[in-house]
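Structure first, then comments.
Not measured: the values here are computed from a predicted model.
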Amino acid sequence: MVKDLFERIQNNKGPLGKWASQAEGYYVFPKLEGELGPRMQFHGKQILNWSINDYLGLANHPEVRQADIDAATQYGAAYPMGARMMSGHTNYHEQLEKELAEFVMKESAYLLNFGYQGIMSCIDALVTKNDIIVYDVDAHACIIDGVRLHMGKRFTYKHNDLESMEKNLQRATKMATETGGGILFITEGVFGMRGQQGKLKEIVAMKEKYNFRLLVDDAHGFGTLGKTGAGAGEEQGCQDGIDVYFSTFAKSMANIGAFIAADKDIIDYLKYNLRSQMFAKALPMIQTIGSLKRLQMLRTMPELKEKLWENVNALQSGLKEKGFNIGDTNTCVTPVYLEGSIPEAMVMVNDLRENFGIFLSIVVYPVIPKGIILLRMIPTASHTIEDINETLTAFEAIREKLENGTYKKIAAETTVDVS
């Protein structure tokens, strides 16, 4: 007997979906309103926002807004129509690629419409069924989904664990010798949940012993790390050892789109083999010209990154001084780890938003282990020291309520949908 395809979906909503009736519209899919920035509106109240990835404060910068307006006025939202291989190629796309390659110190670059689908397609194009992929177990979902497309073998190593990396490179080397393929090693420049940098320098050093190529997703490192903002590879002094460099525009560039950068022969190959770009409409001129403006500001306004790090250091130092566990983050991403259940986490976040006016991202199982609540904050150049002090005061109050059982008691009295 053939089952109804939808039966499983109707009976099992998934580990996050099972909370939908209680969470949707507030904890997930919340609606923030007003001008983008540290102070926005949520459910009719002003909140202090720590949950937008606008690291350099460019999203609402007047020069950026004007560049976007000018591009929209000249070209509208549709131009260019068609995929770049067919009818959507322009001088602006080429110019942005050239400037991006120079900025991250690579020979060539190629624009991608979206980061998520772009890196998935990049992974798919770089390997054949005979090749082996080695990647960090904590890699972003876009990398995991890209690896899922791979028809050959893949190995995961323990997060940022050098011994595990080498063990799996040994396994991959043996396997690739048998299949006649190569090895693609994938990691992140910055892991977006916990804020740790990938161990790029150590991974690059392993190339002396093992024959592999390195793909780095540096979405959170681009624009925030390194002397010029070229990312985690520049920060660690090993940019040359990164074979394929990827970043999205959705973080420091406050825009839609992404890019990959590598030696010219690799980019030339990818241009003709990235299915997600070959069969998709070109990046619109609003985003393309707007990104040229943003990149120019990254290059010529170091004060943006300096202000960002002033805020990052103040926030992270303040949290540590007050005894909060922020893990071993060495980037702008600021996690705060607390112990508690998902219902307790929901009550805590409600308290933060309704009574303290603090809005931030909550991360719970299955993204992190059971019994742990991760409150993730993204400091930006637009935040102020007053914002940070206000947040530290609120955090002390919610920690006390969590530890004295206030949130547990409220959660027990609340009907929770876990069906």
- Query: If you measure only the distance, is there a donor-acceptor pair under 3.5 Å linking the side chains of D124 and S121?
  - Reply: no
- Task: Starting at CE of M377, measure out to OG1 of T329 and round the result to the nearest 0.5 Å.
- Result: 10.5 Å
- Which heavy atom of M297 sits nearest a heavy atom of L304, and at what distance? O-CD1, 4.2 Å
- Note on the structure: What one should report as the nearest heavy-atom pair of L112 and L283 is O-CD1, 4.3 Å
- Message: To check you understand the geometry: which heavy-atom pair defines the closest contact between A282 and P80, and what is its length?
- Response: CB-CG, 3.8 Å
- Going by atom types alone, do H159 and D136 pair a side-chain donor with an acceptor below 3.5 Å? yes
- Task: May I have the step-by-step check of salt bridge (Lys or Arg N to Asp or Glu O under 4.0 Å) for K207 and D243, ending in yes or no?
- Result: CA-CA 11 Å; K207 285 185 169 185; D243 297 295; 2.5 Å; yes
- Verify the neighbour count for atom CD of E303: are there more than 12 heavy atoms of other residues, nucleotides or ligands below 6.0 Å? yes
- Query: Are the side chain of T179 and the backbone N or O of N130 linked by a donor-acceptor pair below 3.5 Å?
  - Reply: yes
- Go through the side-chain N and O atoms of Q41 and Q46 and say whether any donor and acceptor fall under 3.5 Å apart. no
- Item | L56 side chain near L308 side chain, heavy-atom distance below 4.5 Å | yes
- Item | Greater than 12 external heavy atoms within 6.0 Å of R299's CZ | yes
- Decide whether Y110 and D268 meet the rule of one side-chain donor and one side-chain acceptor closer than 3.5 Å. no
- Message: Whether the side chain of D131 engages the backbone of T128 through a donor-acceptor N/O pair (distance < 3.5 Å, no angle test) should be reported.
- Response: yes
- Message: Looking at D265, I'd like to know if its CG atom is crowded, meaning that more than 12 non-hydrogen atoms belonging to other residues, nucleotides or ligands lie closer than 6.0 Å.
- Response: yes
- Between H89 and E94, does any side-chain donor sit less than 3.5 Å from a side-chain acceptor? yes
- Query: Quick check: are there more than 12 heavy atoms from other residues, nucleotides or ligands sitting under 6.0 Å from NZ of K201?
  - Reply: no
- Task: With rounding to the nearest 0.5 Å, note down the distance linking CG in N255 to CD1 in I286.
- Result: 9.5 Å
- Message: I want to know whether F191 and H140 have ring centres closer than 6.0 Å.
- Response: no
- Item | Cation-pi check, R353 onto Y26 ring (under 6.0 Å, within 45° of axis) | yes
- Message: With salt bridge (Lys or Arg N to Asp or Glu O under 4.0 Å) as the criterion, how do K199 and D161 come out once you've worked through the C-alpha distance, each side chain's angles and the decisive distance to 0.1 Å?
- Response: CA-CA 9 Å; K199 295 190 175 180; D161 186 301; over 6 Å; no
- Query: When you measure from the side chain of H220 to the backbone N and O of T331, does any donor-acceptor pair fall under 3.5 Å?
  - Reply: no
- Do the non-hydrogen side-chain atoms of L392 and F395 ever get within less than 4.5 Å of each other? no
- Any side-chain heavy-atom pair of C122 and F246 under 4.5 Å: no
- Query: Do other residues, nucleotides or ligands put more than 12 heavy atoms under 6.0 Å from M85 CE?
  - Reply: yes
- Note on the structure: Heavy-atom nearest pair, I52 first then I378, reads O-CG2, 3.4 Å
- Message: Under a 3.5 Å distance rule, please check whether R294 uses its side chain to pair with a backbone N or O of M253 as donor and acceptor.
- Response: yes
- Neighbour count above 12 (heavy atom, 6.0 Å) for I144 CD1: yes
- Would you find a donor on one side and an acceptor on the other, under 3.5 Å apart, between the side chain of D218 and the backbone of S247? no
- Rounded distance (nearest 0.5 Å) linking atom NZ of K153 with atom CD1 of I132: 8.5 Å
- Message: Is it the case that the side chain of Y27 and the backbone of M346 share a donor-acceptor pair, with hydrogens and angles ignored and the cut-off at 3.5 Å?
- Response: yes
- Query: Counting only N and O atoms by type, is there a donor-acceptor contact under 3.5 Å from the side chain of D145 to the main-chain atoms of M120?
  - Reply: no
- Parallel under 30°, tilted from 30 to 60°, perpendicular over 60°: which one fits the rings of F259 and Y245? tilted
- Message: With a 4.0 Å cut-off on N to O distance, would you call D70 and R65 a salt bridge?
- Response: no
- Query: Which heavy-atom pair separates F114 from A258 by the least distance, and what is that distance?
  - Reply: C-CB, 4.1 Å
- Message: Please check this pair: side chain of S164 against backbone of K158, looking for a donor-acceptor N/O pair closer than 3.5 Å.
- Response: yes
- Query: Do NZ/NE/NH1/NH2 and the carboxylate oxygens of K251 and D54 come within less than 4.0 Å?
  - Reply: no
- Message: What verdict does the side chain to side chain contact (heavy atoms under 4.5 Å, CB included) test give for H61 and M301, after you've listed the backbone C-alpha separation in whole Å, the side-chain angles of each residue and the deciding distance to 0.1 Å?
- Response: CA-CA 13 Å; H61 193 287; M301 299 174 66; 4.2 Å; yes
- Message: With a 3.5 Å distance limit and no angle check, can you tell me whether T334 reaches the backbone of P379 through a side-chain donor-acceptor pair?
- Response: no
- Should R84 and E97 be marked as a salt bridge (Lys or Arg N to Asp or Glu O under 4.0 Å) after you check the CA-CA gap, both sets of side-chain angles, and the distance that decides it? CA-CA 13 Å; R84 286 177 68 189; E97 287 168 344; 2.7 Å; yes
- Among Y210, Y135, Y157, F155, which residue meets the ring-ring contact (aromatic ring centres under 6.0 Å, His included) test with F185? Y157
- Message: Just by distance, no angles: are the side chains of E344 and S341 close enough, under 3.5 Å, to form a donor-acceptor pair?
- Response: yes
- Does R8 offer a backbone N or O that forms a donor-acceptor pair with the side chain of N12 under 3.5 Å? no
- Item | Check: L58 and L298 side chains under 4.5 Å, non-hydrogen atoms | yes
- E24/K31 ion pair, N-O < 4.0 Å: no
- The reported gap from CG in L100 to CG in L111 (rounded to nearest 0.5 angstrom) is 6.5 Å
- Task: Dump the intermediate steps for salt bridge (Lys or Arg N to Asp or Glu O under 4.0 Å) on K98 and E102, then the final yes or no.
- Result: CA-CA 6 Å; K98 180 176 182 295; E102 291 174 352; 2.8 Å; yes
- Message: Any heavy-atom pair between the side chains of I260 and L270 that's under 4.5 Å?
- Response: yes
- Query: Salt bridge between K209 and E166, side-chain N to carboxylate O under 4.0 Å?
  - Reply: yes
- Query: Any side-chain heavy atom of V336 within less than 4.5 Å of one from L319?
  - Reply: yes
- Ionic contact status for R39 with E390, cut-off 4.0 Å: yes
- Flag side-chain contact, heavy atom, 4.5 Å: N49 against L36: no
- Query: Any chance the rings of F222 and F103 have centres within less than 6.0 Å?
  - Reply: yes
- Item | Spatial distance of atom CG (N60) from atom OG (S382) [nearest 0.5 Å] | 8.0 Å
- Could you tell me the separation between the OG1 atom of T380 and the NZ atom of K307, rounded to the nearest 0.5 Å? 9.0 Å
- Query: Are side-chain heavy atoms of F212 and I203 found at a separation under 4.5 Å?
  - Reply: yes
- Query: Salt-bridged, E63 to K293, with N to O below 4.0 Å?
  - Reply: yes
- Query: Any luck finding a side-chain donor-acceptor pair between S361 and S51 under 3.5 Å?
  - Reply: yes
- Kindly give the heavy-atom pair with the smallest separation between G233 and I242, and that separation in Å. CA-CD1, 4.0 Å
